[in-house]
Amino acid sequence: MFFNSFHFAIFLPIVFILYWFVFNKSKNYQNYLLIIASYYFYSCWDWRFLFLLVFSTLLDYFSAIQIENSGNEKLRKMWLWLCISINLGFLGVFKYYNFFASSFAELLQSFGVTASPILLKLILPVGISFYTFHGLSYIIDIYYKRIKSEKNFIDYSLFVSYFPLLVAGPIERATHLLPQVKVKREFNFEKAKEGIYQIIWGFVKKVVIADSCAVYANEIFNHYPTMNSLSLILGAMFFAFQIYGDFSGYSDIALGTSKLFGIDLLKNFNYPYFSRDIAEFWRRWHISLSSWFRDYLYIPLGGSKGNKLFQIRNTFIIFLVSGFWHGANLTYVAWGFINALYFLPLLVLNRNRKNVDDFSLGFNFESIRTVLNILMTFSITCFAWIFFRSKTIHDAISYIKRMFENLDFSWQYFSIERYSYELISLVVIFVIVEWNNRHKIEPISGKYSWLKLGLCLAAILALGVFSDYKEFIYFQF
């Protein structure tokens, strides 16, 4: 079930009414309803994968209890690694088996050995990377005695399968979400209003910005050999706004929807394209995944302890794994590697924690330097997105090669595609609004909120009706 579907437009109000008017007598009733709603929400893609979700939930639930109750350290470690291995095993089979099988066959062929790999015709279960990481963080926290195991199976099941975050995050922590599902929620009008505003702004990002940019980005990337340098630069920029609007829009809809049920989720985006360096960008982009890798991989590897070579090794591991997490394609690994290279000078010069403060602009030299840093960070981010968007490494390199060799900056694309100027104007307005929203809890709140709400709804309806691009990018991860 897509957030931007008619199905969801019927589903959400029904669950909301039942939740607050029928199942509001106790926490258990509320959780029973949300579990049923979540399983129905997930089964709308393919009901068969519901069994995989339930199995993963049961595995983590019972493993956590065994880890906590085992007095023997070897036994605790055995349960930990058994659970991790099975979870990653399922993820590996569904998401990476064909990639490794094909890669191994190509490697053998390079040595003159003919190989015909056995490939599996499997559909990737939607959201498997996200709910797997939910469970793994819980298990690891239990092992290190940061939290106690959850004995109420319904409460734990809701933590794993809560429908707003089930298929594309944010990746929640048990320390944040479980305490909220273990108490009865009371209706809060202000929180519900915040949720509605956030949902609508999420739809603006998805329908108005991402889906509009997708049409142009797809056209340019699919026909890059015929495009000039300016068109190729615009293609990378359009994709940058497409993936930001698409994914942060999904996160806003998820967070806003959850507020309607009295539950707060982790913030996943913090205006990343206003970052002053790549380290700040990664503190603002897909925050739940970046912090997950930091806490459960980077720090256990040693983090920033030790000498510079040790720190560099850990940093490259994190970025490469982050790239590979997105999918079984070398383009994602290359994207992660490029971001690691961006990060390297900051790490070597101990400047990776320089831009952690909030900032504002004024009429002074420091503000000019800040704007230049933001533009530079956005530019190199767009460059890395070319690898993320391309189907193969060859396509990405050819795209970049033509962009630098063609050196034709005429208005080619504007003459062959309708509404190009209108789209750029729309993106500029969006950037201005995002800048103005940086310090607001509710993106449409403040003076003239009803007027802004009306404009947003009008834009969603006007552009949503004509949009052919409906899917969310991160569903494939």
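- Residues W282 and F319 bring their aromatic ring centres within 6.0 Å.
- A centroid separation of 6.0 Å or more is found between the aromatic rings of Y332 and W335.
- Among all heavy-atom pairs drawn from I147 and E68, the shortest one is O-OE2, 4.4 Å.
- The side-chain heavy atoms of S161 and Y131, taken from C-beta on, include no pair separated by under 4.5 Å.
- Residues L136 and I84 have side chains in contact (heavy-atom distance under 4.5 Å, counting atoms from C-beta outward).
- No donor-acceptor pair under 3.5 Å is formed between the side chain of S56 and the backbone N or O of L52.
- No donor-acceptor pair closer than 3.5 Å links the side chain of E172 to the backbone N or O of H134.
- Using a 4.5 Å cut-off on side-chain heavy atoms (C-beta onward), F238 and V215 make no contact.
- In this structure, the side chain of S38 engages the main chain of L34 through a donor-acceptor pair within 3.5 Å.
- To the nearest 0.5 angstrom, S288 atom OG is 3.5 Å from N268 atom CG.
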Would you please test F11 and F163 for ring pair (Phe, Tyr, Trp, His ring centres under 6.0 Å) and show each step?
-> CA-CA 11 Å; F11 167 83; F163 76 87; 5.2 Å; yes

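- We find the NZ-CG distance between K305 and N314 to be 11.5 Å, quoted to the nearest 0.5 Å.
- Between F387 and H326, a ring centre-to-centre spacing not shorter than 6.0 Å is recorded.
- A 4.5 Å side-chain heavy-atom check between T175 and R146 finds every atom pair outside the cut-off.
- The main-chain N or O of F62 is never found under 3.5 Å from a side-chain atom of W79 such that the two would form a donor-acceptor pair.
- Surrounding CH2 of W81 are at most 12 heavy atoms belonging to other residues, nucleotides or ligands under 6.0 Å away.
- Here the side chain of N218 pairs a donor or acceptor atom with the backbone of A214 at under 3.5 angstrom.
- Under the rule for a side-chain hydrogen bond (donor to acceptor under 3.5 Å, both in side chains), the partners of D264 that lie at least two apart in sequence or sit in another chain are K191.
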Residue pair S275, W285: steps toward the side-chain contact (heavy atoms from CB on, under 4.5 Å) verdict = CA-CA 10 Å; S275 302; W285 178 275; over 6 Å; no

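- Centroid-to-centroid, the aromatic rings of W325 and F130 come within less than 6.0 Å.
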Any chance you could lay out the side-chain contact (heavy atoms from CB on, under 4.5 Å) test for K391 and F221, step after step, and finish with the verdict?
-> CA-CA 10 Å; K391 295 178 181 179; F221 272 88; over 6 Å; no

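- N31 contributes a side-chain N or O that, together with a main-chain N or O of V181, makes up a donor-acceptor pair within less than 3.5 Å.
- Annotation for L265 and S258: closest pair CG-OG, 3.6 Å, computed over non-hydrogen atoms.
- With rounding to the nearest 0.5 angstrom, the CZ atom of F49 is 12.5 Å from the OG atom of S43.
- Looking at Q311, its side chain does come within 3.5 Å of a backbone N or O of S304 through a donor-acceptor pair.
- Atom CG of residue N28 and atom CG of residue L33 lie 12.5 Å apart, to the nearest 0.5 angstrom.
- Checked against the 6.0 Å centroid threshold, Y250 and F3 count as a close aromatic pair.
- Ring-plane geometry between Y273 and F281 is classed as parallel, the angle between the planes falling under 30 degrees on a 0 to 90 degree scale with a further cut at 60.
- Although no hydrogens or angles enter the test, the distance criterion places no donor-acceptor pair under 3.5 Å between the side chain of Y138 and the main chain of D60.
- Side-chain atoms of I318 and R294, non-hydrogen and from C-beta on, never get closer than 4.5 Å to each other.
- Ring centers of F133 and Y296: at least 6.0 Å apart, outside the cut-off.
- Inter-residue side-chain proximity for L289 and F293 is flagged as met; some heavy-atom pair is nearer than 4.5 Å.
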What's the verdict on ring pair (Phe, Tyr, Trp, His ring centres under 6.0 Å) for F159 and Y156, showing C-alpha distance, side-chain angles and the deciding distance?
-> CA-CA 5 Å; F159 158 70; Y156 179 73; 5.7 Å; yes

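- Put simply, the side chain of F310 does not reach to within 4.5 Å of the side chain of L301, judged on heavy atoms.
- In the displayed structure, K77 atom NZ is contacted under 6.0 Å by at most 12 heavy atoms of other residues, nucleotides or ligands.
- In this structure, R438 is not positioned above the aromatic face of Y271 in the sense of NZ or CZ being under 6.0 Å from the six-membered ring centre and within 45° of the axis.
- For F187 and F21, the gap between ring centers reaches or exceeds 6.0 Å.
- Closest approach of I67 and R76 over heavy atoms only: O-NE, 3.2 Å.
- A donor-acceptor contact under 3.5 angstrom links the side chains of E434 and Y244, judged on distance only.
- Considering every non-hydrogen atom in both I209 and F241, the closest pair reads CG2-O, 4.0 Å.
- Heavy-atom neighbours of K184 NZ from other residues, nucleotides or ligands within 6.0 Å: above the threshold of 12.
- Judged by distance alone, with hydrogens and angles left aside, the side-chain atoms of R185 form no donor-acceptor pair with the main-chain N or O of W20 at under 3.5 Å.
- No side-chain heavy atom of F41 sits under 4.5 Å from any side-chain heavy atom of V15.
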Kindly indicate, with the supporting measurements, whether the criterion side-chain contact (heavy atoms from CB on, under 4.5 Å) is fulfilled by M78 and K74.
-> CA-CA 6 Å; M78 183 204 74; K74 289 185 178 179; over 6 Å; no

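- Under a cut-off of 6.0 angstrom, the local environment of CZ in F8 is crowded, with over 12 non-hydrogen atoms contributed by other residues, nucleotides or ligands.
- Aromatic ring centroids of F247 and F269 lie under 6.0 Å apart.
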Going through the distances and angles, do L166 and L53 end up as a side-chain contact (heavy atoms from CB on, under 4.5 Å)?
-> CA-CA 10 Å; L166 179 57; L53 173 62; 4.2 Å; yes

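- Residues R283 and E280 are not paired through a salt bridge, judged by the lack of any N-O separation under 4.0 Å between the basic side chain and the carboxylate.
- Taking all atoms of both residues into account, the shortest heavy-atom contact from A217 to G235 is CB-O, 4.1 Å.
- One distance of note links CD1 of I36 with OH of Y40; it measures 13.0 Å at 0.5 Å rounding.
- Of the charged side-chain nitrogens involved, at least one lies within less than 4.0 Å of a carboxylate oxygen, so that D295 and R173 count as a salt-bridged pair.
- Rounded to the nearest 0.5 Å, atoms CZ (F2) and SG (C44) are 11.0 Å apart.
- Closest approach of L255 and L266 over heavy atoms only: CD1-O, 3.6 Å.
- Checked for salt-bridge contact, D277 and R351 miss the test: no charged N lies under 4.0 Å from a carboxylate O.
- Looking at T132 and N87, their side chains never bring a donor and an acceptor atom within 3.5 Å of each other.
- Between the side chains of T331 and N329, at least one donor-acceptor pair of N or O atoms lies under 3.5 Å.
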